[in-house]
Amino acid sequence: MRQYNETEKNRLEQMASDYRSFLDAGKTERECAANICAIARAHGFRDLDEILEKGESLKAGDKIYAVNMKKAVLLMQIGQESLEKGMNLIGSHIDSPRLDIKQNPVYENSGLAYLDTHYYGGIKKYQWVASPMALHGTVVRTDGTVLELSIGEKDEDPVVGITDLLVHLSGKQMDKKGSTVIEGEALDLLVGSYAVDDKEEKEPVKAFLLKVLKEKYGMEEKDFVSAELEVVPAGRARDFGLDGSMIMAYGQDDRICAFTSLMAFLDAENSQRTNVCLFVDKEEIGSVGATGMQSRFLENTLAEVLNCLGQYSELALRRALKNSTMLSADVNAGYDPLYADAFEKNNAAYVGKGAVISKYTGSRGKSGSNDASAEFLGSLRRAFDADDIQYQTAELGKIDVGGGGTIAYITAAYGMDVVDLGVPILNMHAPYEVSSKADVYETYRCYKTFFQMGK
Ligand code: MN
Ligand code: MN
């Protein structure tokens with residue numbers, strides 16, 4: 001780790017504290033998107049929908065935000081230069097691995113009430129049992145009213161969780177492969193054990209649970225059909241390590257890059273070029289659907305903006321995209337000496353050694369990767385070095401050990417220069433992930449420098 005002076009140390013600690021608050025305020029993509037919008041509004045950004053509704057025009061210097069189905073957000077600061085010349089774009093994702101409640105989830109078994117779940121994203125299922133979980137999400141009732149839930153975060157809230165078999169009886173379980181120690185269908189959430197006082201009732205514990213849901217939340221069993229409820233680890237982001245140098249929290253992949261890019265976007269000074277900060281959903285399941293990076297949200301929003309600027313044409317839109325440069329802001333694996341076998345030491349990212357640039361991701365022979373251009377990397381290297389930023393380069397583990405992808409290849413298809421740049425993480429996709437405060441700070445600095453660059 002580099003040595004920081006007092007001023008830098010204070011800045012770094014303040015940023016870490018703001019980051020923890022950001023994580024606590026957004027443990028689902030919806031919560032995170034709402035929080036980003038609130039922060040944007042507080043910084044003078046206006047809702048694009050409102051501008052469109054009023055038929056207003058846009059001009060250089062305007063600051064706007066657009067929201068996609070409450071799960072993805074785009075922030076834009078319009079520059080003096082024509083939008084056709086391109087944008088400086090940073091894109092991260094605000095969805096994280098978790099357990100989703102199924103649409104018909106409630107059942108009773110042996111005097112216990114459960115909610116059945118379906119896991120979302122890549123998880124080691126055995127990590128998600130025997131620990132306190134919270135329930136976050138949105139329920140749309142039959143009458144159309146909406147219920148926003150967050151249960152398990154306040155001290156006075158109950159938590160929920162998934163049980164594991166006691167070690168005394170686990171001889172057979174312990175002989176299983178890691179991938180089957182806990183099966184997907186065994187990830188059922190224990191949520192109740194009281195029963196209604198009614199001898200006629202065949203499922204008295206389930207009946208009691210439904211009564212609680214009805215009385216406390218005005219929710220019926222059938223309302224689960226039109227609900228998006230997510231089970232996430234309960235509790236707040238914490239300082240980690242006896243020296244407090246790190247942060248442990250749920251969902252740092254990829255809200256750590258969402259936070260640092262947002263802060264950099266708000267702090268950057270660049271009146272020339274248009275800056276865009278993008279936060280998308282569904283990265284963990286392949287960037288699919290209406291709110292994933294593969295949707296037309298970026299393109300459509302840009303078309304609306306060009307139209308409000310009086311510059312819209314199909315060609316202008318294509319040029320704006322093609323002439324842009326982008327940092328795909330996502331995490332990479334931090335080198336873990338306890339699992340040294342999975343890494344190639346000279347091309348691994350080290351926690352505490354700064355932001356990590358990944359020229360390519362993918363698996364096997366770079367399959368599925370966006371392979372960033374040497375020229376683009378050269379321009380970034382010059383800019384980061386000029387600002388004395390600490391960064392490193394890495395691949396995601398040893399060749400043929402595994403792999404992974406980000407949103408980089410999707411926007412690269414427009415013909416823009418894109419490279420992955422983010423924070424190295426330990427325990428990635430585990431209920432609690434670990435990052436270094438210094439890396440948060442250096443990554444913020446990379447993003448800020450990028451937002452201040454010309455083409
Ligand atoms: Mn990610
Ligand atoms: Mn991920």
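Counting convention: from 1, in listed order, for ligands and their atoms alike. We use all heavy atoms of the structure for the numbers below, so side chains are in, but hydrogens, waters and symmetry mates are not.
Looking only at N/O/S atoms, His429 comes nearest to the Mn ion (ligand 2) through NE2. The atom of Glu284 that is an N, O or S and sits closest to the Mn ion (ligand 2) is OE2. The minimum distance between the Mn ion (ligand 1) and any N, O or S atom of Asp253 involves atom OD1.
Between Ser369 and Asp371, the side chains place no donor N or O within less than 3.5 Å of an acceptor N or O (distance only, hydrogens not considered). Between the side chains of Ser358 and Asp420, no donor-acceptor pair of N or O atoms lies under 3.5 Å. In this model, a donor atom of one side chain and an acceptor atom of the other lie less than 3.5 Å apart for Asp385 and Tyr391.
None of the N, O or S atoms belonging to Asp330 lies under 2.8 Å away from the Mn ion (ligand 2). At a cut-off of 2.8 Å, Cys257 does not coordinate the Mn ion (ligand 1) through any N, O or S atom.
A salt bridge links Arg2 with Glu442: the closest approach of a Lys/Arg side-chain nitrogen to an acidic carboxylate oxygen falls below 4.0 angstrom.
In summary, the aromatic rings of Phe240 and Tyr432 are positioned with their centroids too far apart to meet the 6.0 Å limit.
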